[in-house]
Number of protein chains: 2
Amino acid sequence: MDKFDRKLDQAARAAWLSYVGGRTQDEIASQLGVSRPGVQRLLALARQEGLVKVHIDHPLANCMVMSDAILKRFGLDFCDVVPADPEASNGSAHYLAVAAAERLARYLDRSEPLTLSLGTGRSVRAMVEALSRLDRPQHRFVSLVGNVARDGSANRYDGVMVLADKTGGERFLLPAPVVAGSVEEKEAMLNQRLFQAIAEVAKEAEAAFIGVGRIDRQATLFQDHFISEAELDELLSRQAVGELLGWPLNQNGEVIDCSITRRVTSLPLEMFRDQALVALAGGRDKGPAILAALRGGWLKGLITDENAARFIIEAENL
Amino acid sequence: MDKFDRKLDQAARAAWLSYVGGRTQDEIASQLGVSRPGVQRLLALARQEGLVKVHIDHPLANCMVMSDAILKRFGLDFCDVVPADPEASNGSAHYLAVAAAERLARYLDRSEPLTLSLGTGRSVRAMVEALSRLDRPQHRFVSLVGNVARDGSANRYDGVMVLADKTGGERFLLPAPVVAGSVEEKEAMLNQRLFQAIAEVAKEAEAAFIGVGRIDRQATLFQDHFISEAELDELLSRQAVGELLGWPLNQNGEVIDCSITRRVTSLPLEMFRDQALVALAGGRDKGPAILAALRGGWLKGLITDENAARFIIEAENL
DNA sequence: TCAGCTATCGATCAAATGATCGAACAGGAG
DNA sequence: CTCCTGTTCGATCATTTGATCGATAGCTGA
């Protein structure tokens, strides 16, 4: 890997010359003694490896105003609103990921040992992907939602896995699905020694980065067959609009007590009252779910996008 | 200025789409509803206004090794070594400025009131230029070196001026030249109430960012006629190799006692023993001067470039 | 109200960038 | 020793970007 490192060095130097120094690839080529396409490749490598971090240093007035309003309204510690990108198919997922990674990095920067927990979902996954490598073997990362799918297979590339790989920290994975098949199954899981041990670690976490789920036909819970169609209908009839870690919430953010709730294996939301629970979700159609989470007072931090933020602002008449 | 702000907003959005989102100017144009050249202009504006911050996230092995060696050798709190740019006429001045601005920003980030002092010189000036705007009206900035030229004119664009403009902080300017015309003149200056008041503020500073001067025919002190040719020769004959705030240093970093020293109006170097004195200088020919400052143990932090760093490493057999 | 000026905008062109493809080279197997 | 395979490198071309210049619109002052 020495060869690779040497290449990365050169890539960093090329990136420096190009992005900070503003010189052309031709100049860089003659300076580093490689061909112009060589420089091209180096720069591509640098970007691919995440060596190049771009930061736009301007509080986009829109976003700024909205984030401030939400911050004050719900008494959050922080609220980041990233601009929307209607052109991109996945909304502003990438911006969200970058912003979230910046928040995450602030925690990780600490040199004292730290315990962090992570939920599942694309957003969380994208966040850790966007994070740059950072040597922090002293930290511990807990997955709050089982990395076991319905069929029992473990997901090698859980967010916690990637994060632990990037930092060299310890990993703790909950050996359970989000929603157990039955109440008995849930009981059995909760009584496992391993489950309890890991739950214990999760309790020590300082912050938790989680996604926010919608409750409708597009809901992950339903799509991944954790709940049946009948159960989805039950949730809808009981006015469920969102979900945190599998716990269904109504419009006011209260956890709905129903047949599904009794099978959720996640740690109770109450547990996070004295942790920094950070939600990470964007898109107008996640608006109601995010709003519910906010109204319930569950969150300490929110990273969202313009569309969801606007929905919240309008719904709350801010 | 509302118009301008609106434009800046759009510029930030365009920059975001371009640099973070990686889309082409055509796409951005159709999205923002302006022409392609319009996007071009917006991006130019964004860069010019310093909205776009690029950070290369890789410890360039060379620089890393050298900065570590220097750090350990001289017991510094930090040492940043930026890569050299032999192509650029002014060496790596811009890189140096960016790196220094990053350090400076770390101090400024604090919300509690802070007092900082600044020296003069191109490097210091370039540092504050490279800094992004940041609202910190609670901070105070003191100029350690008089902003009065030999002819009595005040320099409107002193580093402290720019810094105070950018942050909205308070400014304190030393109403004196670096080296007084005579011992009597120095005495007169030091006894001014205003001078003493400002010196008092400077004593409260937490950190000081200063340049390092060479002592030779290219020396700023000489070029700006603060010392005569005869005096320069005197300094050289007494083995002066560098200068901090106008105080000449010999090879071992000791302040040289001579006719010039008695006319220097700057605050005594001893005063900075319990402040974070950060030096900011690059280029191989500044090597001896920087080395002297290091050997004297005056510095807590150093921001330099590959060339000067290599000189130091070699001179100290590291 | 109109003339003149300035600032902004968009068409056009040169430069720089990114991508593809074929060639050369090194390493390993027969 | 030769041939094959996989990789890296550099020439070439399409696309994107940056800059210049003329035109237009809006503003100022008479």
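Each chain gets a letter, A, B and so on, in the order the sequences are listed, and its residues count up from 1.
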Undergrad: Ignoring hydrogens, what is the shortest heavy-atom contact between B:Ala99 and B:Asp80? Give both atom names and the distance.
TA: O-OD2, 4.5 Å
Undergrad: Of the nucleotides D:dG18, C:dA16, C:dA19, which one has an atom closest to the side chain of B:Arg36?
TA: D:dG18
Undergrad: Is the Lys NZ or Arg CZ of B:Arg103 less than 6.0 Å from the centre of B:Phe78's six-membered ring, within 45° of the axis?
TA: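 Here B:Arg103 passes the 6.0 Å and 45° test against B:Phe78.
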Undergrad: Out of D:dT17, D:dA11, D:dC9, which has the shortest distance to the side chain of A:Pro37?
TA: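 For the A:Pro37 side chain, the nearest candidate turns out to be D:dA11.
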Undergrad: Throw together a table of side-chain donor-acceptor distances under 3.5 angstrom for residues 51-59 of chain A, partners on residues two or more places apart or in other chains.
TA:
{"from": "A:Lys53", "atom 1": "NZ", "to": "A:Ala130", "atom 2": "O", "distance (Å)": "3.2"}
{"from": "A:Asp57", "atom 1": "OD2", "to": "B:Ser132", "atom 2": "OG", "distance (Å)": "2.7"}
{"from": "A:His58", "atom 1": "NE2", "to": "B:Asp9", "atom 2": "OD1", "distance (Å)": "3.0"}

Undergrad: Kindly write out the residues that satisfy side chain to side chain contact (heavy atoms under 4.5 Å, CB included) with A:Arg284, not counting sequence neighbours, or none if the list is empty.
TA: A:Asn307, A:Phe311, A:Glu314
Undergrad: Please report the distance, rounded to the nearest Å, between CD in B:Glu27 and C1' in D:dT16.
TA: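 Those two atoms, CD and C1', are 11 Å apart.
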Undergrad: Tell me which residues in residues 41-58 of chain B lie within less than 4.0 Å of DNA chain D, going by non-hydrogen atoms.
TA: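 Hits under 4.0 Å, by residue number: B:Arg47.
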Undergrad: Who pairs with A:Glu316 by salt bridge (charged side-chain N to carboxylate O under 4.0 Å, His left out), at least two apart in sequence or on another chain?
TA: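 Only A:Arg73, A:Arg295 meet the salt bridge (charged side-chain N to carboxylate O under 4.0 Å, His left out) criterion with A:Glu316.
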Undergrad: Whole angstrom is fine here: how far is it from CG in A:Asp26 over to P in C:dA14?
TA: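 To the nearest whole Å, that distance equals 18 Å.
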Undergrad: To the nearest Å, how far apart are A:Tyr19 OH and C:dA16 P?
TA: 16 Å
Undergrad: Scan side-chain atoms only and decide if A:Tyr107 and A:Arg136 contain a donor-acceptor pair under the 3.5 Å cut-off.
TA: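 The criterion, which ignores hydrogens and geometry beyond distance, is not satisfied for A:Arg136 and A:Tyr107.
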Undergrad: Please state whether the phosphate of D:dT17, meaning OP1 or OP2, lies under 4.0 angstrom from any side-chain nitrogen or oxygen of B:Gln40.
TA: no
Undergrad: When the distance from CZ of A:Arg23 to P of C:dA16 is rounded to whole Å, what number comes out?
TA: 13 Å
Undergrad: Would you mind reading off the bend of the helix from C:dT1-D:dA30 to C:dG30-D:dC1 from its two end axes, five pairs each, to 10 degrees?
TA: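 Answer for the end axes of this duplex: 20°.
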Undergrad: May I ask you to test the A:Val39-A:Leu17 pair for a side-chain heavy-atom distance under 4.5 Å?
TA: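 Not touching, per the 4.5 Å side-chain cut-off.
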Undergrad: Is it true that atom CZ of B:Arg110 has more than 12 heavy atoms of other residues, nucleotides or ligands lying nearer than 6.0 Å?
TA: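 Enclosed.
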Undergrad: Report the residues that fulfil ring-ring contact (aromatic ring centres under 6.0 Å, His included) with B:Phe141, sequence neighbours left out, ordered by chain and then residue number.
TA: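 By the ring-ring contact (aromatic ring centres under 6.0 Å, His included) rule, B:Phe141 matches no residue at all.
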Undergrad: Rounded to the nearest Å, what distance is computed from the CD atom of residue A:Gln25 to the P atom of nucleotide D:dT15?
TA: 18 Å
